[in-house]
Amino acid sequence: MPAILHVDMDAFYASVEQRDRPELRGRPVIVGGHPKRGVVLAASYEVRPFGVRSAIPMARAVKLAPTAVVVPPRFSAYVEASEQVFAILERYTPLIEPLSLDEAFLDVTASQTLFGPPADIARQLRAEIAREVRLPASAGIAASKFVAKIASDLAKPDGQREVLEAETRDFLAPLPVSRLWGVGPKLEATLHSLGLRKVGDLAVRDPGWLVERLGDAGAHLAALSRGDDPRVVVPDRGAKSIGAEDTFEEDLSDLAVLRPRLHAQALRVGRRLRRAGLKTRVVQLKLKGNDFTLHTRRRTLEQPTDDGQEIYREVLALLERAPPERPLRLTGVSAQELGEPSTAQLGLFGEAPRRSEALNRTLDAITERFGRGAVAPADVLALEGDDPLDELRSKAGASRLDPRED
């Protein structure tokens, strides 16, 4: 039987701030930006009783909790803490699917021989995170990704919950249908109109009845309501793409402001490629306008690369060749058509290692020893304090940054 862990840091950005600033411990803390345009990036557990949650407008959050301490985001501190957390996870299994800066799925099926039952593994890694990174983490343990994710949500804060395969349907039955992946407000209203309010209401319905009324979504929901989720954990090495994207607090149109953000994204993609032992032949630039229109531009490279600087040069050329016609709310950089370095076609007489490869090895070693903020290009360092945070989506190959409720 598969053994899947979902490890999720608790109020990650706010917890980092409380860790680094002792005067904030035990106080209501909001991590966010512009008080009029910005949104809440993280809310400490002390401020949540006021109704403050991540992703709500900052203006509303300040009204709900006027005594809360508002702190600006510190991009490099969160990334450095994330790198430390993921280094701990890698001690237990190479099968890690990062979902965001602060959460991941782990397949520990084969790890049980070395480290014991899944619940013991979860306790050990959570203890190591608490001791070494000084941050709380929660974990869910189940036979599928879907159930493990819900279990970790219900274990928060600083807890863990295991759902045995035989207990899955009883565990899911009393939960609201909004817990099911893919159920937003509109579909939730539709389900309520059909008399389906709990997951258990879906589980006892004939799948054909659900398909007749909901189409393909009916089959999907019928399976999830019974805990059926065949998706496997997809580590970076098995991903079809590796990317990073940022949603901006304010729409941006000035190329001088956009360039360092693309630079930071490209460097993150390059670092993850090297960690996964992969190179890319295709670089893609993603642009979302303030009207939510989405455009992508791609460029095929002459030689595969894992160099963030080279990726940056390519996406910058894509951007400057046709500057956006309207302000942007999001940009993203991704590496497509991934392959092992050995699959690159060599010239007739071979090719000496490029200077960039030696430089990247040195920079990676510095980062490994001293943290990500130890060295970076000047334009990227200048983003400190107001850098947009990654909006990673829960899919294979996405970057580990996602301002969301935790």
Applying the side-chain contact (heavy atoms from CB on, under 4.5 Å) test to Arg259, which of Leu262, Leu255, Val257 qualifies?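 Checked Leu262, Leu255, Val257 against Arg259; only one passes side-chain contact (heavy atoms from CB on, under 4.5 Å): Leu255.
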Please report the closest heavy-atom contact between [X] and [Y], naming both atoms and the distance.
X	Y	answer
Phe86	Ile96	CE2-CG2, 4.0 Å
Leu106	Val233	C-CG2, 4.1 Å
Gly227	Ser144	O-OG, 3.7 Å
Gln18	Gly26	NE2-N, 4.0 Å
Val47	Ala68	CG2-CB, 3.9 Å
Val269	Ala335	CG1-CB, 3.8 Å

Cationic N near anionic O, under 4.0 Å, [X] to [Y]:
X	Y	result
Glu90	Arg275	yes
Arg326	Asp251	no
Arg91	Glu128	yes

Are [X] and [Y] close enough that some pair of their side-chain heavy atoms sits under 4.5 Å apart?
X	Y	value
Tyr45	Asp10	yes
Pro136	Pro157	no
Leu114	Tyr92	no
Leu273	Leu338	yes
Met9	Val85	yes
Gln265	Leu267	no
Trp209	Leu214	no
Leu164	Ile141	no

Using modelled atom types and a 3.5 Å cut-off, is there a donor and acceptor pairing between side-chain atoms of [X] and backbone atoms of [Y]?
X	Y	result
Arg19	Val133	yes
Arg321	Leu316	no
Gln160	Arg123	yes
Asp201	Arg197	yes
Ser152	Ala139	no
Asp229	Phe146	yes
Lys145	Ile4	no
Lys288	Gly332	no

Can you list the steps and then say if Thr331 with Glu245 is a side chain to side chain donor-acceptor pair (under 3.5 Å)? CA-CA 6 Å; Thr331 65; Glu245 60 186 46; over 6 Å; no
Tell me every residue that passes ring-ring contact (aromatic ring centres under 6.0 Å, His included) with Phe50, counting only those two or more places apart in sequence or in another chain.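 If we apply the ring-ring contact (aromatic ring centres under 6.0 Å, His included) test to Phe50, skipping adjacent residues, there are no hits.
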Would one find more than 12 heavy atoms of other residues, nucleotides or ligands at under 6.0 Å from atom [atom1] of [X]?
X	atom1	answer
Glu165	CD	no
Glu23	CD	yes
Arg27	CZ	no
Arg126	CZ	yes
Arg299	CZ	no

Does the side chain of [X] come under 3.5 Å of the side chain of [Y] through a donor N or O and an acceptor N or O?
X	Y	result
Thr109	Asp107	yes
Glu17	Tyr78	yes
Ser138	Asp8	no

Pairwise salt bridge (Lys or Arg N to Asp or Glu O under 4.0 Å) hits with a residue in residues 203-227, at least two apart: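 Non-adjacent pairs meeting salt bridge (Lys or Arg N to Asp or Glu O under 4.0 Å): Arg226-Asp228.
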How would you list all residue pairs meeting salt bridge (Lys or Arg N to Asp or Glu O under 4.0 Å) that involve residues 168-180, not counting sequence neighbours?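 Residue pairs with at least one partner in residues 168-180: Asp153-Arg179.
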Nearest-0.5 Å distance that lies between atom [atom1] in [X] and atom [atom2] in [Y]:
X	Y	atom1	atom2	value
Glu325	Thr293	CD	OG1	9.0 Å
Leu330	Leu294	CG	CG	8.0 Å
Leu175	Leu202	CG	CG	11.5 Å
Leu89	Gln84	CG	CD	12.0 Å
Glu103	Phe12	CD	CZ	11.5 Å
Ser54	Tyr13	OG	OH	9.0 Å

Residues that Glu167 engages under side-chain hydrogen bond (donor to acceptor under 3.5 Å, both in side chains), provided they are two or more places apart: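 Glu167: no side-chain hydrogen bond (donor to acceptor under 3.5 Å, both in side chains) contacts found.
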Results of side-chain hydrogen bond (donor to acceptor under 3.5 Å, both in side chains) for Glu337 - residues two or more places apart only: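 If we apply the side-chain hydrogen bond (donor to acceptor under 3.5 Å, both in side chains) test to Glu337, skipping adjacent residues, there are no hits.
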For Gln336, check side chain to side chain contact (heavy atoms under 4.5 Å, CB included) against everything at least two apart and list the hits.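 Testing Gln336 for side chain to side chain contact (heavy atoms under 4.5 Å, CB included), a comparison that skips the adjacent residues, returns Ser241, Val282, Gln284, Arg298, Ser334.
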Going through the checks in order, is the side chain to side chain contact (heavy atoms under 4.5 Å, CB included) test met by Leu221 and Leu187? CA-CA 11 Å; Leu221 296 177; Leu187 182 53; 4.0 Å; yes
For Ile121 and Leu5, what are the C-alpha separation, side-chain angles and deciding distance, and is it a side chain to side chain contact (heavy atoms under 4.5 Å, CB included)? CA-CA 9 Å; Ile121 295 175; Leu5 304 186; 4.0 Å; yes
Criterion side chain to side chain contact (heavy atoms under 4.5 Å, CB included) on Thr305 and Lys279, from CA distance to verdict: CA-CA 5 Å; Thr305 187; Lys279 291 193 175 185; 5.6 Å; no
Trace of the salt bridge (Lys or Arg N to Asp or Glu O under 4.0 Å) decision for Arg74 with Asp20: CA-CA 11 Å; Arg74 292 185 301 135; Asp20 295 347; 2.7 Å; yes
Candidate pair Leu285 and Val283, rule side chain to side chain contact (heavy atoms under 4.5 Å, CB included), full reasoning: CA-CA 7 Å; Leu285 172 65; Val283 172; over 6 Å; no
